[in-house]
Amino acid sequence: MTRVFFDNAATTPIHPDVVQVISKSLSDTYGNPSSSHSFGREAKGQLEESRRTIAKLLGAKPSEIFFTSCGTESNNAILRNAINSDKISEIWTTPIEHPSVYQTSNQICKDIPVRFLDLKTNGSVDLDKLEIELSKTSKNVLISVMHANNEVGVLNDLKSIGDLCQKYHALLHSDMVQTMGHLPINFQEIKVDFASASAHKFHGPKGVGFMYIRQPNQIHSLITGGSQERGYRSGTENLASIAGMAKAFELASQNLETDIVYLNKLRTAFMTKLKLSFPTIDFLTKIDESLCTIVSTIFPSDFDSEMLLFQLDMKGVACSGGSACSSGAAKASHVLTHFKLPEACKVVRFSFSKFNTEEEIDFCIEKIKEIANERVQTC
Ligand code: PLP
C-alpha cells in the first residue's frame with residue numbers, strides 16, 4: 001500500500017548517511033568520553049568534533065553548544081534555571097509555546113512570575129507592544145519565544161526580538177526546535193542568549209538535542225551528578241547520536257536555500273490544489289509568514305472531524321491534528337484554542353520535508369476527495 005509521510009513537524013525520517021555515522025560510532029568509538037585512556041580520548045575527540053561542526057554552522061563558539069537528550073530537556077533546563085538565577089526575576093513567554101515551554105512556565109510560575117505576551121492575530125509576537133512593555137519594566141526579564149510554532153508554523157521575527165532584548169537588557173531564549181536545520185540561523189546576527197534544538201526534526205536520530213548558551217551566560221544543570229558538558233548537563237554523552245546529529249545538521253545546512261524554495265513550492269501546490277478541489281477549506285498557516293514545512297489546514301464541518309485523521313491514516317496519509325503531543329487527544333490543543341476557531345472545524349497539520357514530492361501531494365488530495373465522496377454517499 002502506498003503511504004505518504006506528511007508529519008515531518010512531529011519527526012523526520014533519518015538520513016541514510018546519518019545512520020552510517022551512528023552505526024560506525026556505535027561499533028568503533030565506544031569509549032567513554034570522560035575516560036582518560038586512548039578509547040576515551042577517541043570518543044572525546046568525536047564529541048568535540050561534533051560540537052565544532054554544529055557551532056560553526058551557527059556562527060557560535062564550540063563552548064556555547066551543550067548536548068542534551070532532546071528539545072524538551074533543553075527547554076526545561078533553560079527555563080527552570082531561571083528559578084535559581086539572580087539574573088532573572090520574571091519570565092515573559094507566549095500562550096502558544098510547545099508544552100515543554102508552556103507547561104513548564106505554568107509550573108514554575110509558583111517560584112517566579114510568568115507573563116504571557118500579546119500576540120498578533122497570526123500568532124506572532126506583537127513587537128510594538130513588546131517594546132512598550134520592555135521600556136516600562138524594571139525587572140530582569142527572561143523572554144522565551146519560539147522561532148516557529150510547531151502547530152501552525154507562524155514565524156517570529158527573532159532578529160528584531162533579539163535586538164529589542166539587547167536594547168532593554170532582557171535575556172532571550174528561543175525554542176528553535178522547528179527551525180534548526182530548516183532556516184539559515186547565525187547567532188552573530190540573531191541575538192538570542194539561549195536556544196533549544198532537537199536532532200530528530202532535521203533528519204537526525206531521536207533522543208538527542210542541544211542547547212546554545214551565549215557566553216557569558218550560565219545555567220545551573222537540570223541533571224546533576226557528573227561534570228559532563230562543562231557542568232551544564234550531567235550524564236555520559238550519547239556519543240553515537242551526537243555524531244549523527246552533527247552529520248544531520250551538516251547535511252541539512254548544505255542546500256538550505258534550495259530546500260526552502262522547494263518546500264515553499266510544495267506547500268503552495270498543496271494549498272492551491274486543495275483549495276481548488278474544496279473551496280470551503282481554509283488555512284491557519286499564511287504562506288509568507290510561516291515556516292516552509294508546515295500547513296495547518298481548517299476542514300469545515302462537512303468533513304467528519306472526529307474521523308478525519310483516522311480516515312487519512314487508513315488511506316495511507318500520515319499527518320496530525322495539531323501537534324503530535326495532542327493528536328491523540330479529542331480536545332483542541334492550547335495553541336488551537338488560542339485561535340478561537342468554530343468548534344465544528346477540524347484542524348489538520350500537514351508537514352513536509354525535502355524528501356516529499358508533488359506526486360505525494362496529488363496522492364494526498366485524491367485521498368481527501370475519496371473521503372469527501374464516501375461521506376456524501378453515507379449521508
Ligand atoms: N519544541 C517544539 C517547537 C517542538 O515542535 C518539539 C517537538 O515536537 C519540542 C520542542 C520537543 O522536542 P523533543 O521531541 O526533542 O523533546
Side-chain angles (χ1 to χ4, degrees), residues 5-14 18 54 65-80 93-107 119 123-125 143-156 158 161 172-183 185 192 194-212 222-223 233 235 238 241-242 244-245 248-249 252 284-285 290-296 318-329 333-336 338 347 349-353:
F5 188 73
F6 284 168
D7 201 13
N8 291 278
T11 196
T12 51
I14 194 160
V18 173
I54 292 173
I65 304 295
F66 299 87
F67 298 122
T68 64
S69 68
C70 59
T72 299
E73 184 195 325
S74 303
N75 284 338
N76 266 268
I78 293 160
L79 286 175
R80 290 183 189 278
T93 185
T94 85
I96 62 166
E97 295 293 311
H98 182 268
S100 56
V101 169
Y102 184 69
Q103 283 182 23
T104 304
S105 300
N106 279 321
Q107 280 177 19
L119 301 180
S124 67
V125 169
I143 295 185
S144 180
V145 167
M146 68 203 317
H147 195 185
N149 181 272
N150 51 303
E151 295 195 39
V152 298
V154 64
L155 279 163
N156 276 306
L158 218 47
I161 297 174
L172 176 62
H173 163 241
S174 185
D175 175 348
M176 302 178 87
V177 165
Q178 289 293 336
T179 52
M180 282 278 183
H182 297 284
L183 291 183
I185 292 161
V192 302
F194 308 96
S196 313
S198 178
H200 73 104
K201 307 289 183 176
F202 51 84
H203 307 286
K206 293 171 185 57
V208 64
F210 66 89
M211 306 181 270
Y212 163 76
L222 184 66
I223 300 172
R233 203 281 184 178
N238 181 357
S241 293
I242 290 168
M245 171 164 67
F249 200 51
L284 258 177
T285 303
S290 58
L291 182 64
C292 51
T293 50
I294 294 177
V295 177
S296 177
C319 49
S320 75
S323 73
C325 323
S326 51
S327 57
S333 69
H334 66 285
V335 176
L336 296 179
H338 176 84
V347 177
R349 179 186 68 184
F350 297 89
S351 49
F352 308 109
S353 89

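All values reported here derive from a predicted model rather than from experimental measurement. Every number for a ligand or one of its atoms is a count from 1 in the order of the listing.
Using a 4.0 angstrom heavy-atom cutoff, Gly209 does not count as in contact with ligand 1. Taking a 4.0 Å cut-off on heavy atoms, His200 registers as neighbouring ligand 1.
Pairs of residues two or more places apart, or lying in two chains, that qualify as salt bridge (Lys or Arg N to Asp or Glu O under 4.0 Å) and include a residue from residues 66-79 are Glu73-Arg233.
Scanning both residues, Met245 and Phe202, for their nearest heavy atoms gives O-CE1, 3.6 Å. In terms of heavy atoms, Ser290 sits closest to Val152 at CB-O, 4.5 Å.
For ligand 1, one of its N or O atoms has an N or O atom of Gly71 under 3.5 Å away. Ligand 1 has no N or O atom lying under 3.5 Å from any N or O atom of Ser100, backbone or side chain.
Considering Thr179, Val192, Leu291 in turn, Thr179 is the only one that fulfils the side-chain contact (heavy atoms from CB on, under 4.5 Å) rule with His147.
Among residues two or more places apart in sequence or in another chain, the ring-ring contact (aromatic ring centres under 6.0 Å, His included) test is passed with His203 by Phe355.
When heavy-atom distances to ligand 1 are checked against a 4.0 Å cut-off, Lys206 has no atom that comes that close, whether in backbone or side chain. The backbone and the side chain of Thr72 each have at least one atom closer than 4.0 Å to an atom of ligand 1 (non-hydrogen atoms only). Under 4.0 Å from ligand 1, heavy atoms of Cys70 appear from its side chain as well as its backbone.
For ligand 1, the atoms lying closer than 4.0 Å to a non-hydrogen atom of Met146 are 3 (C). Per-residue contacts place Lys201 under 4.0 angstrom from the following atoms of ligand 1 (heavy atoms of the residue considered): 5 (O), 6 (C), 7 (C), 8 (O). Remark: ligand 1 atoms within the under-4.0 Å shell around heavy atoms of Ser198 are 13 (P), 15 (O).
Ring geometry for Phe352 versus Phe6: interplanar angle over 60°, hence perpendicular rather than tilted (30 to 60°).
In this structure a side-chain-to-backbone donor-acceptor pair under 3.5 Å is present from Asn149 to Ile96.
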